[in-house]
Amino acid sequence: MKWTSKADKNTSLILVYIILVSFAISLYYCVTLPVSFDESCTFILFTNKGFYTAISQYPAPNNHVLFSILTTLTNQIPMLSNLLKLRLVSIGINILTLLSLYRFIIFFYNQKMALLIVCVFSLLFLNIYYSYMARGYGLINLFFINSLYYTFKICYNVPTRITFVWLGLFSLLGLYTIPTFIYPILTLYSLIVLIKPHLFWKQTILFLIVLIFCALLYSPIMYTCGIESITNNRFVKPMSFLQALKSLPFYFPSAVSQITGIHWSILAILLSWSYYKIVQSGHKFEIYFATVCFLAPAVLVSLQRVNPFARVFNYYSLLIVLIIFIPYKHYIESLKLRHLFYSIVVFQLILLYNFNSRILNYEDKDNALNITSDGIIKQMVGNKKYFLNGTLLRYNLEFNLLSQGYKNYTIVEPKKKYISADTLDHYDFVVTELEWDKTKMKQPLFVSKYYAVYRKTILRSKNKK
C-alpha cells in the first residue's frame, strides 16, 4: 500500500511536469511571436467592440464566437498588452484540455498511458500552435475530448440521462465555438449508434435538441448577417461529389502532416500497424472505434464536397495518438515509471525541436502577413495616412496602431485596382499587392513575394552657407 501511494505521487509529479512544460512553451511563443492576421481580426472586429458585437456579427468564419466572448472578458484585465489579453484565453484553455485528456485516458486505460498520451498530444504541431494562438481551435480540442469521454461512457457502460446531458452540452459548446464541430458530433454519434443500435432514437433526439439550442445561440448572428454567414464559407471552394472523392488521396496526407508536424508516411505506417493489432485483438469496441475514426473524415468531406482547412480536423490529433498507442496499453502499463519519464523527455525534445524548426515558415505562409509584416509595420506605425491596395495587411497594421495608443490615423482601403505610388504622395505609406503595382519612379521601402510598401517622399531643403 505504501508503494502504491508513492507511485501515485510520482505519477502526479510527472503530470505536473508535463503541464508545466506545455505552459512554459505556450508562454514563450506567446510573448515572442507577433500577432497573426486572424488574431488581429478577432481583436478589431469582435474583442475590442464588446460582448454584443461578438455574439451578433459574423463577417467571416474567423469569428469563433464562444472564444470571442471569452476574449471580451480578458480584454478588461488591466496592465496587460492587447496581444497577451487575447492569448491568455488560449493558454488557460490548453491547461484545461490536458487535464481533461488525462482524466479521460486514466478512466478508460491506465495512468502511464495517460501520461504518455498527454505528453505527445500536447506537443503535436497545431496543438502547440493553438496553445497560445488566440483562436477557437483550442476550445474545439477541449470540447471534443470531453465529448469523447462521455461517448466512451455511453458505449462502455449503461448510459444514464446525465451522461447524455453532458455529451449534449459539450456538443453544443463546440458548435457555438465553430460550426464545423458538426464533424466530430456526427462521428461520435455514429459510433454510439453503431455500438448500441437501440440508442438510435435517443441519440437522434439529443442531436435535434443540440441543433435547436445551437440555432438559438446563433440567432443574433442569423438576424444581423443571415444564416448563410454561418453555413457558407466563401474561402473554401465547393466541388462535385466525384471531385471530392478524387481529392481524398491528396487532401488527407497533407492535412495529417499539417496537424501533427510529422510526415504523413510515418503516421500511415504507425496507424496501419496499430489498426492491424487492434483487429487482431478482437476487442469489438476498439475495432469499431478505430474503423469509424478512419472512415468518418472521408465520408464527411465527400458529402459536403469541400476540402476544409486542415485545422478543422485538428481534433484528430488525439485520435491519431490514441489509435497508435491502444495496442500497447498493457506494455505501457508495465513500464517502470522512470523509464516512462525518460521516454516522455525524449518525445518532448523531438517534438519541440520539430515545432520550433517549422513555426516561422508556417506563420509566414499566408501572404507574409505575420512574421514578415511585423518587421515592416514597426517602421510604419504612427498617426499617419495609409493607402492599402489589395492586401490583407490592414488588420495587423491597425492592431499595432491601437496597441501602441495611436488614434488619429487614417486607413484608405479601396477595391483592388492598378495604382502607382508615384501619384499617391499625400499618403505617408502605400501598400499594394505586386500584381496591382504600376509604380515606376519611387523605390519601395520593402518588397515581399506578395506586396510592396512605399514611403512618402520627404523633401529636404539645403541650408545656404
Side-chain angles (χ1 to χ4, degrees), residues 15 18-19 21-23 25-26 29-30 36 38-39 42 61-62 64-71 86-108 114-152 166-167 169-188 255-256 258-262 293 296-297 300 308-325 351 355 362:
L15 175 63
I18 292 170
I19 292 175
V21 167
S22 180
F23 172 75
I25 292 169
S26 303
Y29 288 109
C30 169
S36 72
D38 281 323
E39 288 178 310
T42 298
N62 61 1
H64 299 168
V65 183
L66 183 55
F67 185 87
S68 296
I69 291 170
L70 294 175
T71 63
L86 281 176
R87 291 180 171 177
L88 194 62
V89 180
S90 293
I91 293 173
I93 289 168
N94 181 57
I95 294 172
L96 292 177
T97 300
L98 298 184
L99 291 172
S100 296
L101 178 56
Y102 183 77
R103 179 191 68 157
F104 164 52
I105 302 299
I106 201 174
F107 188 89
F108 291 101
L115 292 172
L116 193 57
I117 287 180
V118 170
C119 167
V120 175
F121 170 84
S122 69
L123 293 170
L124 294 180
F125 186 84
L126 283 187
N127 289 339
I128 295 181
Y129 187 69
Y130 290 120
S131 72
Y132 67 87
M133 184 63 57
R135 307 296 295 128
Y137 295 102
L139 273 178
I140 293 300
N141 273 345
L142 175 62
F143 297 144
F144 175 70
I145 288 167
N146 282 282
S147 297
L148 188 62
Y149 172 73
Y150 288 105
T151 297
F152 270 49
W166 280 113
L167 176 59
L169 176 62
F170 286 114
S171 300
L172 177 63
L173 292 173
L175 280 175
Y176 193 49
T177 303
I178 307 177
T180 52
F181 197 76
I182 193 69
Y183 286 177
I185 286 176
L186 291 174
T187 302
L188 297 181
V256 167
Q258 287 184 53
I259 290 167
T260 62
I262 301 169
C293 290
L300 293 168
F309 296 114
R311 55 184 177 264
V312 168
F313 284 106
N314 188 48
Y315 63 93
Y316 257 81
S317 57
L318 170 59
L319 300 179
I320 289 169
V321 175
L322 187 56
I323 291 171
I324 287 174
F325 282 125
L351 293 173
F355 178 84
Y362 182 82

*asked:* Test side chain to side chain contact (heavy atoms under 4.5 Å, CB included) on L319 and F144; report intermediate values, then the result.
replied: CA-CA 10 Å; L319 300 179; F144 175 70; 3.8 Å; yes
Paired with F143, the side chain to side chain contact (heavy atoms under 4.5 Å, CB included) test is passed by just one of L172, L66, I93, L175, namely L66
Taking every heavy atom of S100 against every heavy atom of L142, the minimum-distance pair comes out as OG-CD1, 3.5 Å
What one should report as the nearest heavy-atom pair of Y137 and R311 is OH-NE, 3.2 Å
Quiz item: Okay, side chain of T177, backbone of L173: is any donor-acceptor separation there less than 3.5 Å?
Solution: yes
Rounding to 0.5 Å, atoms CG (L126) and CZ (F355) come to a distance of 8.5 Å
Nearest heavy-atom approach of Y150 to L167 is CB-CB, 4.1 Å
List the steps and the verdict of side chain to side chain contact (heavy atoms under 4.5 Å, CB included) for F125 and S317. CA-CA 9 Å; F125 186 84; S317 57; over 6 Å; no
> Looking at side-chain heavy atoms only, is the closest gap between T187 and L300 below 4.5 Å?
Replying inline: yes
Query raised in the report: Do the two ring centres, one from F107 and one from F152, sit under 6.0 Å apart?
Result: no
**Asked** Are T97 and F121 close enough, and set up right, to give a side chain to side chain contact (heavy atoms under 4.5 Å, CB included), and what steps lead you there?
**Response** CA-CA 10 Å; T97 300; F121 170 84; 4.0 Å; yes
Check the pair S26, R87 against side chain to side chain donor-acceptor pair (under 3.5 Å), reporting the backbone distance first and the verdict last. CA-CA 9 Å; S26 303; R87 291 180 171 177; over 6 Å; no
The residue among L98, N146, I145 that forms side chain to side chain contact (heavy atoms under 4.5 Å, CB included) with R103 is N146
dist S90:OG -> Y130:OH (nearest 0.5 Å) comes out at 10.0 Å
Between the CG atom in N127 and the CD1 atom in I259, the distance rounded to the nearest 0.5 Å is 9.0 Å
d(S122 OG, L318 CG) to nearest 0.5 Å is 12.0 Å
- Message: Do I105 and V118 make a side-chain contact, defined as non-hydrogen atoms from C-beta onward lying under 4.5 Å apart?
- Response: no
Smallest heavy-atom separation, T42 atom then S68 atom, equals CG2-OG, 4.1 Å
- Query: Going through the distances and angles, do F170 and Y149 end up as a ring-ring contact (aromatic ring centres under 6.0 Å, His included)?
  - Reply: CA-CA 10 Å; F170 286 114; Y149 172 73; 9.0 Å; no
Only one of D38, V89, L86 passes side chain to side chain contact (heavy atoms under 4.5 Å, CB included) with R135, and that residue is D38
By side-chain hydrogen bond (donor to acceptor under 3.5 Å, both in side chains), Y29 pairs with (sequence neighbours left out) N356
For C293 and I323 the tightest heavy-atom approach is CB-CD1, 3.9 Å
Heavy atoms from other residues, nucleotides or ligands near CZ of F23 exceed 12 (cutoff 6.0 Å): no
Sorted by chain and residue number, the side chain to side chain contact (heavy atoms under 4.5 Å, CB included) partners of L15 (sequence neighbours excluded) come out as I19, Y102, L115
I91/C30 under side chain to side chain contact (heavy atoms under 4.5 Å, CB included): CA gap, chis, key distance, verdict: CA-CA 9 Å; I91 293 173; C30 169; 4.0 Å; yes
Test item: N314 and I140 side chains (from C-beta on) under 4.5 Å apart, heavy atoms
no
Item to complete: Answer yes or no: is there a side-chain heavy-atom contact under 4.5 Å between N94 and S22?
Response: yes
Could you check whether any side-chain heavy atom of I262 comes within less than 4.5 Å of a side-chain heavy atom of L124, counting everything from C-beta outward?
yes
CG of L123 to OG1 of T260, rounded to nearest 0.5 Å, is 12.5 Å
In this structure, NE2 of H64 is separated from CZ of F181 (nearest 0.5 Å) by 13.5 Å
Between L188 and S147, the two heavy atoms sitting closest are CD1-CB, 3.7 Å
